[in-house]
Amino acid sequence: MPQNNQPNMNGRPAGGPGGPGRPGGGGGGRGAAQGKIRFTPGTGKSLKRLFSFIRGKYLVMFIIALCMMGIASLVSVKASLFMKTLIDDYISPMVLTGSHDFSPLLKELLTLACIYALGIAASLCNSLLMANMSQGVLMNVRVALFEKLQTLPVAYYHSHQYGDIMSRFTNDVNNMRQMLSQSIPSVLSSLLTIVAVLYSMIRISPTLTLVQLVAVVFMYVITITLGTRSAMFFTKRQRALGEMNSYIEELINGQKVVKVFCYEERAKKSFDGRNSSLQETTTRANILSNILMPIMGNMSNVTYVVLAFIGGVLAIKGKSALTLGGLASFLSLSKSFNRPVSQISPQINSVVMALAGAQRVFDVMDEKPETDEGEVTLVYAKEAEDGTLTETDSFEGIWAWKEPGALGTGSTLTRLRGDVRLQDVDFSYEEGHQILYDISLYAKPGQKIAFVGSTGAGKTTITNLINRFYDIQDGTITYDGIDIKRIRKKDLRTSLGMVLQETRLFTGTIMENIRYGRLDATDEEVIAAAKLADAHSFIEKLPEGYNTVISGSGSQLSQGQCQLLSIARCAVANPPVMILDEATSSIDIRTEAQIQKGMDQLMHGRTVFVIAHRLSTVQNSNAIMVLENGHIIERGDHDDLIAQQGRYYQLYTGTTPANG
């Protein structure tokens, strides 16, 4: 087939993990849009949703903590009201009468001491309960977030930077912790205090209370003005922090590339730009936030002076019921009133910033999970002499597809043979950017099908479609005659073993990393799989053998050894169909020749799809598909394609085809 004239499209989503082509970079997310931040219905929804995680024993803790806050607030008010009792009922009478009997006063002081002790105990209990409640709630949030991430499709991770996702677990959740353990308790305690103090102030002097409220309104206007601007910069700070985290992660993961291409100075400049942006937004946010407290404190002092002057005039002239003791108590209550108002004001920024982070977390939770409409499942089976299949609890050498019958008439078993067919398949990662065009191919049971072609031709995309990491726009893909859309994804992927070009190990022992392929595999089965992948010899030489602990990066091992473990992981899964995506690309030629025999044994009797740049690894394939720009331009076995002297011949020999 002649090459088509379609533009060259990358076979994977633009940018790759952490790459520049990926949208969604930065830490702002939808919850961190620019502009003034206010308590919108969306903000209230986020707060309500966060509080929905306060349930069970944590709800009980929260209710008890509220009661303790109320007790502490009443104690604070009682202490201020005692000034009136002290002056009017004890000091003034004793001065006027010249009495030196302090016993009644002593009893009052002892009573007040007990009340103070109760307040201290209530405050301590409140702090302990809120600390336990906040950490428990955040544990539930992290669990819900992590569980949600397990349900998201591969496409989500291709379109979001890893650093941005991680920032939701770290920065955003930490802001929520601060809000639950500090900001909200402070606000609630302050509100309870304000209510109790306001009631006491009105009883002492409605006139002075009115003056106090006018001052508070003025303080509130200033708080909202500065708080709104501060919140805007705090939101920008979240986005800048997310961008910097993503950049740092990319550079750390790509340090070898940075060193090879001497990119250090350029990386420093790029980091400095991001760091400066973070510093600038954080500084502005903190400046506006930090000046709130001094402003509120000085306005409180001015209010205190005004109240003392007006109250003194009223008390001296005797035109109201205000006494000197009442004035002293009122001035003390005024301080108690202004203090919680001042405490509420700085918390506005913390609450808004935390709710912006909460919204980013909830945005992930609200992402549409990977759908699975499949009804056909994969089961173990055994075959009777007459050829009928029976489902079994353990593997006896046969896999079968279990299809539910119509109208509940029972189910049927179809032996898994490994017959995979694509018919007229079209696919696009994004609308308007088609990747595959009219792809038709088949793999009969036990055949080895190879995909070769230029980078971005669509080779890996085909295997992603077979796995249903993505769904096709047109055409059909069948597995043993069953449309793969009818097969439950978990069962479909269980039947498809994959060895990826990019090895991914996990922190743990060698044994655990291989057993990742099948969690119920015995130690003997793990060792047998390692031998099949030719990994057993180097594993035995490690300090602890199969019990050697490795890090997730596999830094203790060579890249080839990591790939051998990945192959062993696939071998222990014993899948009926295998996909090898550049499985030996990280292994040198000598090691490749060493394990090729083991690979052939692993592939024996299985349907295998192979993607390879080293064409020497696919010469024994039953069929080779040559792709270019999303089209299959040649197909046949090695000898046929060499004889055609087309694109495959050019790739194999590195020369220009004879037919030009």
Side-chain angles (χ1 to χ4, degrees), residues 1-12 420-427 434-466 475 498-501 563 577-597 599-600 602-604 606-660:
M1 294 177 62
Q3 295 188 33
N4 63 77
N5 294 322
Q6 295 293 339
N8 185 14
M9 294 292 181
N10 194 346
R12 307 185 191 200
V420 180
R421 298 173 183 263
L422 283 73
Q423 185 68 38
D424 303 325
V425 170
D426 294 334
F427 175 72
Q434 190 164 342
I435 304 298
L436 297 178
Y437 301 83
D438 196 29
I439 298 296
S440 294
L441 60 91
Y442 62 87
K444 293 181 178 179
Q447 284 190 330
K448 179 180 179 181
I449 308 298
F451 300 113
V452 300
S454 305
T455 300
K459 306 183 295 296
T460 299
T461 298
I462 292 178
T463 61
N464 285 339
L465 297 181
I466 295 173
M498 289 194 73
V499 180
L500 303 175
Q501 178 180 3
Q563 190 65 298
V577 177
M578 291 184 59
I579 297 174
L580 308 178
D581 187 352
E582 304 285 356
T584 58
S585 63
S586 302
I587 301 173
D588 58 75
I589 296 177
R590 180 181 177 183
T591 306
E592 179 185 357
Q594 200 174 31
I595 70 168
Q596 192 61 51
K597 182 178 179 181
M599 288 289 293
D600 289 340
L602 180 61
M603 293 184 289
H604 180 70
R606 293 179 170 89
T607 304
V608 181
F609 295 95
V610 180
I611 300 172
H613 282 301
R614 292 181 187 172
L615 301 187
S616 59
T617 63
V618 299
Q619 292 183 38
N620 63 344
S621 300
N622 299 100
I624 300 173
M625 306 292 167
V626 184
L627 286 97
E628 199 68 40
N629 297 328
H631 290 263
I632 297 178
I633 59 173
E634 295 177 5
R635 66 181 77 205
D637 61 24
H638 174 75
D639 294 334
D640 291 339
L641 295 178
I642 290 294
Q644 293 177 24
Q645 294 195 354
R647 178 60 176 159
Y648 180 81
Y649 176 86
Q650 182 183 16
L651 292 171
Y652 186 78
T653 63
T655 60
T656 303
N659 58 11

J.: Heavy atoms, side chains only, cut-off 4.5 Å: are I466 and V577 in contact?
T.: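 Of all side-chain heavy-atom pairs linking V577 with I466, none is under 4.5 Å.
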J.: What residues, two or more places apart in sequence or in another chain, satisfy side-chain hydrogen bond (donor to acceptor under 3.5 Å, both in side chains) together with D438?
T.: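 For D438 there are no side-chain hydrogen bond (donor to acceptor under 3.5 Å, both in side chains) partners, ignoring immediate neighbours.
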J.: Looking at every non-hydrogen atom in both residues, tell me the closest pair between N622 and K448 and how far apart they are.
T.: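 Shortest heavy-atom contact: OD1-N, 2.7 Å.
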J.: Determine whether F609 and I462 make a side-chain contact, defined as any pair of heavy atoms from C-beta on separated by less than 4.5 Å.
T.: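 The answer is no; the side chains never approach within 4.5 Å.
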J.: Going by atom types alone, do Y442 and Q447 pair a side-chain donor with an acceptor below 3.5 Å?
T.: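 No donor-acceptor contact under 3.5 Å links the two side chains.
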J.: Is the closest side-chain heavy-atom distance between I642 and Y648 below 4.5 Å?
T.: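 Yes, their side chains come closer than 4.5 Å.
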J.: What's the separation between atom CG in L422 and atom CD1 in I439, rounded to the nearest 0.5 Å?
T.: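 Rounded to the nearest 0.5 Å, the CG-CD1 separation comes out at 8.0 Å.
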J.: Testing the basics here: between T607 and A443, what is the closest heavy-atom pair and its distance to 0.1 Å?
T.: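 Answer, listing the atom of T607 first, then A443: CG2-CB, 3.7 Å.
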J.: Quick one: closest heavy-atom pair of K459 and L627, and the distance?
T.: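 Distance-wise, the nearest heavy atoms are CG-CD1, 4.3 Å.
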J.: Taking side-chain contact (heavy atoms from CB on, under 4.5 Å) as the definition, give me every residue that meets it alongside L651, ordered by chain and number, with sequence neighbours left out.
T.: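 Result, side-chain contact (heavy atoms from CB on, under 4.5 Å) vs L651: L615, R647.
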J.: Does S440 reach the main-chain N or O of D424 with its side chain, forming a donor-acceptor pair under 3.5 Å?
T.: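 Indeed, once roles are kept as given, a pair shorter than 3.5 Å links the two residues.
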J.: Is there a side-chain contact between I624 and H638 in this structure, where contact means two heavy atoms from C-beta onward sitting under 4.5 Å apart?
T.: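 Answer yes - side chains close enough.
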J.: Minimum heavy-atom separation for M625 and L441, please, with both atom names.
T.: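 Looking at all heavy atoms of both residues, the closest pair is CE-CB, 4.0 Å.
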J.: State, to 0.1 Å, how close E628 and I633 come at their nearest heavy-atom pair, and which atoms those are.
T.: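 Of all heavy-atom pairs spanning E628 and I633, the closest is CB-CD1, 3.7 Å.
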